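Computed from a predicted structure; not experimentally measured.
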Amino acid sequence: MSIGDKVRRAIARRLASLADDGVFGEAGPSAVRAATSWTVERPKRAEHGDLATNVAMTLTKAVGKPPRVIAEALVKALEGDAVIASAEIAGPGFVNLRLHPSVFHEELAEILLKGRGYGRAPSATGERINLEFVSANPVGPITVAAARNAIFGDTVGRVLEAAGARVTREYYINDFGNQVRLFAASIRAISDGQPVPEEGYKGAYIEELATFMKANDPKAFESEETLSRAGIGWMLSGVPGSKTMVGIQRSLSLLGVDHDVWTNEEALHRSGKVGMALAKLERGGYLEKKDGALFFVGKGTESEDKDRVVQKSDGNYAYFASDIAYLADKMNRGYDRVMIVLAIDHHGYVPRFKNAFEALGYPPEKFEVLLYNFVYIVRNGEVVKMGKRAGNFVTSDDVIEEIDEATGRVGAGKDALRFFYLSRTANVKVDFDIELAKKASLDNPVFYVQYGHARLCSILKKAAELGIESPTDLSPSEWTSLASPDELAITMRLSELPALIAGAAEMREPHRVAFYVQELAKDFQSYFTRFKADPILPRDSDRKDPEWNKTWDMNKTRARLAWVQATRVVYRTALELLGVDAPERMDKPADAESDESE
RNA sequence: GCGCCCGUAGCUCAGCUGGAUAGAGCGUCGGCCUUCGAAGCCGAAUGUCGUAAGUUCGAAUCUUACCGGGCGCGCCA
């Protein structure tokens, strides 16, 4: 049980017995037991205690007594409590609480016991969720803008998994229809030395692709169909050795994103799943023929102003038809919930998707669209229009590579880009200034967080060098020497991880994890620097005396080393949820060193 | 016209399932390295929370209207 839960339970119990004693009048006993909306939270200001509750204020109405009267009774009843050491009334009726140190020690013991499992659901027995994301048009590389989809979607997946869900990550390959024909035509034109068609694809990547295919995959040119299929295959896997044609799958992998299932739109048509899904809607009376075309008529919970075409009057299916088939296909595979990550310009599709989902016979609340806002690429203060057709886009590979070089660490670019996107809510738009990307990357808070983790590791490493064991199981009496308010306050922060994960998963808000770990890093780095005069480990000067270990308080060192390890556990879990590395050491980038010597 | 998203410090953004004196990073100014990592720490300055009403003991947070910015309303994909 978390610290917050323990405190909550203690308060609830005291309140219930006060009510039973008639302190809150006739309505007391039932009112107190019915009240659930009150909170136990860490106050903004440290002098307000370890935790505070608003229970007295929320009970006022139901009980018919002023907040301070309720609070006074509660404070009195809490005297001698095993969890709460002291309580006092503050402000309009808050009850500020201070806890016994043993409560923190128990939490640390639990963190060390559970390790990586701390804060996570005990087992993956929750919903089976199909999470579709990225699904970028496969006729071009992954851009920095698409990387937002990839990173947001992937991190939602990580957080949901930590909360117990079983998540399948899925990519929908739109390899059907007009854009694919144009793509094939563009490849053929380039390989024939002809100009690409008016609406075709241009740019270095497709030239490289065409040149490569001409030399290595001549059979692909037999027909337009083989050409488009092979071309998309190479888009996914990449051109060997190429920097401009890294391949969608590898680009995603470099972002720390890996999909479990790749579904082709073309295969949905070829296998007849589109026809089957429409037949099902037909039976339900959801289709209507008008002007030679077939329309989906939504009758679901979402209001829609008009009917949507599924089969055009020329006999071709509209894109929406394969969307419907794809939804049916996913649910036929046995998921409890279907989620799709889409850019905000798709918000108009949500009602028709939901109605189609409902028309297929599924509860609409089991379908979710997670929307995220645009990424605007900015160069010298001006927004740059990116387009695959024009070929003037910035790929995530470019950005990652540049940051890797600037920091001198492979993986730093991925970490910086992930943290950059995860440091804001999904529904705010982002400016990505590519000229500043390199410089700004060195200021990326992710490195600050990682530095904190490296410092923790450094303490443990140093302890090992000194021959001091870092224990992971201490007895209650051994823990007592861990008593500094700073260490206990950080422990309070550590204890928030389980609720944080649950909240981030429920709200589909991975940015909460990014802000949490940043706050944790700040707490720790501040503590670490301020306590230099009271080091965890004996310094060289302390060990000059050969008898030093007789006077040194080794109990305190051991308790603090255990605390360091628990802090590291929480750091690592948070970083893992963000898909960010937790390096054990960080070397100062070359640029920063030269700045220093100037 | 209708619908969705956004508007919080000089800049970029948290806080929005209502709580105490509205926070962080960057930037600015002033301090701190002989000792567990200075990619660090400490301190200072900076706000009509877009505007106006309403609900409430209490509103950045909920409701309504308005203002400003973005996006969506195809037999396109």
How far, in whole Å, is [M] from [N] if one measures between their [atom1] atoms?
N	M	atom1	value
B:G1	B:C66	P	10 Å
B:G58	B:G18	C1'	8 Å
B:C62	B:G7	P	11 Å
B:A20	B:A65	C1'	31 Å
B:G72	B:U12	P	23 Å
B:U56	B:U61	P	16 Å
B:G25	B:G40	C1'	15 Å
B:U48	B:G54	P	23 Å

Need one value for [X]: base, sugar-phosphate or nothing, where a base atom within 4.0 Å counts as base even if backbone is also close, heavy atoms only.
X	value
A:Ala52	base
A:Asn427	sugar-phosphate
A:Ser423	sugar-phosphate
A:Ala454	base
A:Met507	nothing

Using a cut-off of strictly less than 4.0 Å, decide whether [X] has a side-chain nitrogen or oxygen near OP1 or OP2 of [N].
X	N	value
A:Tyr448	B:C41	yes
A:Lys522	B:G25	yes
A:Lys532	B:A38	yes
A:Thr425	B:A14	yes
A:His48	B:U21	no

With sequence neighbours excluded, what pairs up with [X] under the side chain to side chain donor-acceptor pair (under 3.5 Å) test?
X	value
A:Glu224	A:Arg188
A:Ser526	A:Arg530
A:Lys290	A:Asp307

Between A:Gln525 and A:Ser458, which is nearer to the 5' end of RNA chain B once each is assigned its nearest nucleotide?
-> A:Ser458

Sorted by position of nearest nucleotide on RNA chain B, 5' first, the leading residue of A:Pro43 and A:Ala426 is A:Ala426

Whole angstrom value for the distance that separates [atom2] of [N] from [atom1] of [X]:
X	N	atom1	atom2	answer
A:Phe353	B:G3	CZ	P	23 Å
A:Asn54	B:C57	CG	C1'	13 Å
A:Lys354	B:C4	NZ	C1'	14 Å
A:His511	B:U12	NE2	C1'	15 Å
A:Leu561	B:C36	CG	C1'	10 Å
A:Gln450	B:A38	CD	P	17 Å
A:Glu506	B:C16	CD	P	13 Å
A:Leu442	B:G40	CG	P	11 Å

Looking at [X], I want to see if its [atom1] is surrounded by more than 12 non-hydrogen atoms of other residues, nucleotides or ligands under 6.0 Å.
X	atom1	result
A:Arg572	CZ	no
A:Glu465	CD	yes
A:Lys202	NZ	yes

Given [options], identify the nucleotide with an atom nearest to the side chain of [X].
X	options	answer
A:Asn96	B:U21, B:A20, B:G40	B:A20
A:Ile536	B:A14, B:C36, B:G25	B:C36
A:Phe528	B:G40, B:G15, B:A38	B:A38
A:Ser541	B:G37, B:C36, B:U35	B:U35

Sequence neighbours left out, what passes salt bridge (charged side-chain N to carboxylate O under 4.0 Å, His left out) with A:Asp404? Give chain and number order.
-> none

Return the set of residues passing salt bridge (charged side-chain N to carboxylate O under 4.0 Å, His left out) with A:Arg508 (not counting sequence neighbours), or none when no residue passes.
-> A:Glu368

In dot-bracket notation, what is the pairing pattern of RNA chain B, taking Watson-Crick (N1-N3 plus N6-O4 or O6-N4) and G-U wobble (N1-O2 and O6-N3) contacts under 3.5 Å, with [ ] crossing and | for other strands?
-> (((((((..((((.....[...)))).(((((.......))))).....(((((..]....))))))))))))....

Residues two or more places apart in sequence or in another chain: which of them pass side-chain contact (heavy atoms from CB on, under 4.5 Å) with A:Asp5?
-> A:Met1, A:Ser2

Hits for side-chain contact (heavy atoms from CB on, under 4.5 Å) against A:Arg45, two or more places apart or cross-chain, chain-then-number order -> A:Glu47, A:His48

In B/S/- notation, 5' to 3', how is nucleotides 26-32 of chain B contacted by protein heavy atoms closer than 4.0 Å?
-> -------

Letter by letter from the 5' end, nucleotides 68-77 of chain B scores (B base, S sugar-phosphate only, - none; protein heavy atoms under 4.0 Å) -SSBSSSBBB

Take A:Phe447 and A:Phe419 through the ring pair (Phe, Tyr, Trp, His ring centres under 6.0 Å) test and state the conclusion after the steps.
-> CA-CA 10 Å; A:Phe447 301 126; A:Phe419 208 83; 9.2 Å; no

Have a look at B:C32 and give me syn or anti from its glycosidic angle (syn if within 90° of zero).
-> anti

Partner residues of A:Phe531 under the ring-ring contact (aromatic ring centres under 6.0 Å, His included) criterion, sequence neighbours left out = A:Tyr527

Heavy-atom distance under 4.5 Å between the side chains of A:Lys462 and A:Ile536, does that happen here?
-> no

List the atom pairs, with distances to 0.1 Å, where a side-chain N or O of residues 510-520 of chain A and a protein N or O form a donor-acceptor pair under 3.5 Å, not counting sequence neighbours.
residue: A:Arg512; atom: NE; partner: A:Glu509; partner atom: OE1; Å: 2.8
residue: A:Arg512; atom: NH2; partner: A:Glu509; partner atom: OE1; Å: 3.0
residue: A:Tyr516; atom: OH; partner: A:Arg493; partner atom: O; Å: 2.8
residue: A:Glu519; atom: OE1; partner: A:Arg493; partner atom: NH1; Å: 2.9

Angle class for the A:Tyr326/A:Tyr172 ring planes (parallel below 30°, perpendicular above 60°, tilted otherwise)?
-> parallel

